[in-house]
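Written below as structure tokens is the structure these notes are about.
Nothing fancy with the numbering, it's 1 onward along the sequence.
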Amino acid sequence: MMGELSVKDKELIRGSWESLGKNKVPHGVIMFSRLFELDPALLNLFHYSTNCDSKQDCLSSPEFLDHVTKVMLVIDAAVSHLDDLHSLEDFLLNLGRKHQAVGVSTQSFTVVGESLLYMLQCSLGQAYTAPLRQAWLNMYSIVVAVMSRGWAKNGEDKAD
């Protein structure tokens, strides 16, 4: 079963996303730059026509920016469905399966979470408070819990 967010959490998340959500790609690039700093090996998961040999190659590749956009749209979907995160369950399970299929480990979900918080901190400045950080962590952990179930299910299906 999926967790629930408090009314306060939802307010904080919606309020902070309002400005960020209008300008997704630059914020997504901050998030992924941080991700590659924390775990450079993740660059190897991105195989595009433009080789992602370095962080810069990757971040300027159109296919990669397309991926960044997709990730930001997932966050956007979660924010716009805060009152009904259950409606995203099938979508998130499938996303977990896709990530398992391309070799993403569930540990990477944790690093992505840290990168998301880093991006929020950079982008929100003074508005980034402890309760806001916790609200986003709460939402992210609900999303990742469902993705991890899909991830694990895909692993089992392959083992059969």
Side-chain angles (χ1 to χ4, degrees), residues 1-43 45-46 52 55 58-59 64-154:
M1 231 19 218
M2 289 178 79
E4 292 294 327
L5 293 165
S6 71
V7 173
K8 188 72 190 139
D9 278 354
K10 292 176 194 176
E11 271 173 29
L12 286 166
I13 292 167
R14 282 190 187 111
S16 58
W17 187 249
E18 207 172 326
S19 57
L20 302 183
K22 291 188 180 82
N23 204 3
K24 292 181 188 62
V25 174
H27 295 300
V29 168
I30 293 171
M31 185 170 132
F32 273 92
S33 301
R34 181 63 177 159
L35 181 66
F36 296 141
E37 273 166 34
L38 295 172
D39 190 352
L42 289 175
L43 273 170
L45 293 172
F46 295 94
C52 282
K55 196 171 82 171
C58 215
L59 295 173
F64 182 74
L65 292 175
D66 187 49
H67 183 80
V68 169
T69 305
K70 284 181 190 154
V71 171
M72 297 306 275
L73 286 169
V74 171
I75 299 170
D76 203 51
V79 174
S80 39
H81 291 81
L82 288 177
D83 290 323
D84 184 22
L85 283 170
H86 296 278
S87 64
L88 295 176
E89 193 150 4
D90 288 342
F91 170 72
L92 293 172
L93 286 167
N94 192 41
L95 204 56
R97 282 194 287 272
K98 282 183 183 165
H99 281 79
Q100 195 277 341
V102 296
V104 175
S105 74
T106 49
Q107 281 92 335
S108 296
F109 293 159
T110 308
V111 189
V112 170
E114 288 171 32
S115 305
L116 170 65
L117 294 173
Y118 174 83
M119 178 273 286
L120 292 166
Q121 188 178 359
C122 291
S123 306
L124 296 168
Q126 293 297 310
Y128 185 78
T129 60
L132 179 81
R133 178 181 185 278
Q134 193 55 53
W136 275 94
L137 254 180
N138 294 346
M139 179 184 86
Y140 186 74
S141 52
I142 292 170
V143 167
V144 165
V146 181
M147 282 182 67
S148 298
R149 289 211 318 267
W151 189 96
K153 183 88 188 73
N154 200 51

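- No donor-acceptor pair under 3.5 Å is formed between the side chain of Lys70 and the backbone N or O of Asp66.
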Item to check | Met31/Ile75 under side-chain contact (heavy atoms from CB on, under 4.5 Å): CA gap, chis, key distance, verdict | outcome: CA-CA 12 Å; Met31 185 170 132; Ile75 299 170; 4.3 Å; yes
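- Looking at heavy atoms from C-beta onward, Leu45 lies out of side-chain contact with Val102 at the 4.5 angstrom threshold.
- Minimum interatomic distance between Val143 and Ala78 (heavy atoms only, all atoms of both residues): CG2-CB, 4.2 Å.
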Checklist entry - Leu88 and Val146: side-chain contact (heavy atoms from CB on, under 4.5 Å), yes or no, with the steps? => result CA-CA 9 Å; Leu88 295 176; Val146 181; over 6 Å; no
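- Taking CE of Met147 as the start and CD of Gln100 as the end, the distance is 11.5 Å to the nearest 0.5 Å.
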Checklist entry - Going through the checks in order, is the side-chain contact (heavy atoms from CB on, under 4.5 Å) test met by Arg149 and Glu89? => result CA-CA 10 Å; Arg149 289 211 318 267; Glu89 193 150 4; 2.3 Å; yes
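- The distance from the OG atom of Ser141 to the CG atom of Leu5 is 8.0 Å, given to the nearest 0.5 Å.
- Residue Met72 comes nearest to Lys24 through the heavy atom pair CE-O, 3.4 Å, listed as atom of the first residue, atom of the second, then distance.
- Scanning both residues, Ser148 and Phe109, for their nearest heavy atoms gives OG-CD1, 3.6 Å.
- Between Lys10 and Leu82, the closest heavy-atom pair is CE-O, 3.5 Å.
- Between Phe36 and Phe64, the ring planes are tilted. Angles from 30° to 60° get that label.
- Contact record, Val68 with Val25: CG1-O, 4.0 Å, taken as the closest heavy-atom pair.
- If you take CG on Leu93 and NZ on Lys98, they are separated by 12.5 Å, rounding to the nearest 0.5 Å.
- Using a 30° and 60° split on the angle between ring planes, Trp136 and Trp17 fall in the tilted class, from 30° to 60°.
- For the atom pair CG (Asn138) and CG (Asp9), the distance works out to 4.5 Å, reported to the nearest 0.5 Å.
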Checklist entry - So Leu117 and Arg133, side-chain contact (heavy atoms from CB on, under 4.5 Å) or not? Walk me through it. => result CA-CA 7 Å; Leu117 294 173; Arg133 178 181 185 278; 3.8 Å; yes
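- In this structure, the side chains of Val71 and Val112 stay at 4.5 Å or more apart for every pair of heavy atoms.
- Of the inter-residue distances, the one linking Asn94 atom CG with Arg97 atom CZ reads 5.0 Å to the nearest 0.5 angstrom.
- Considering Leu20, Val74, Ile13 in turn, Ile13 is the only one that fulfils the side chain to side chain contact (heavy atoms under 4.5 Å, CB included) rule with Val79.
- For Asp39 against Ser108, the heavy-atom pair with the smallest separation is OD2-OG, 4.4 Å.
- A heavy-atom distance below 4.5 Å is not found between the side chains of Leu132 and Leu120.
- Screening residues 112-130 for side chain to side chain donor-acceptor pair (under 3.5 Å), with sequence neighbours left out, gives His27-Ser123.
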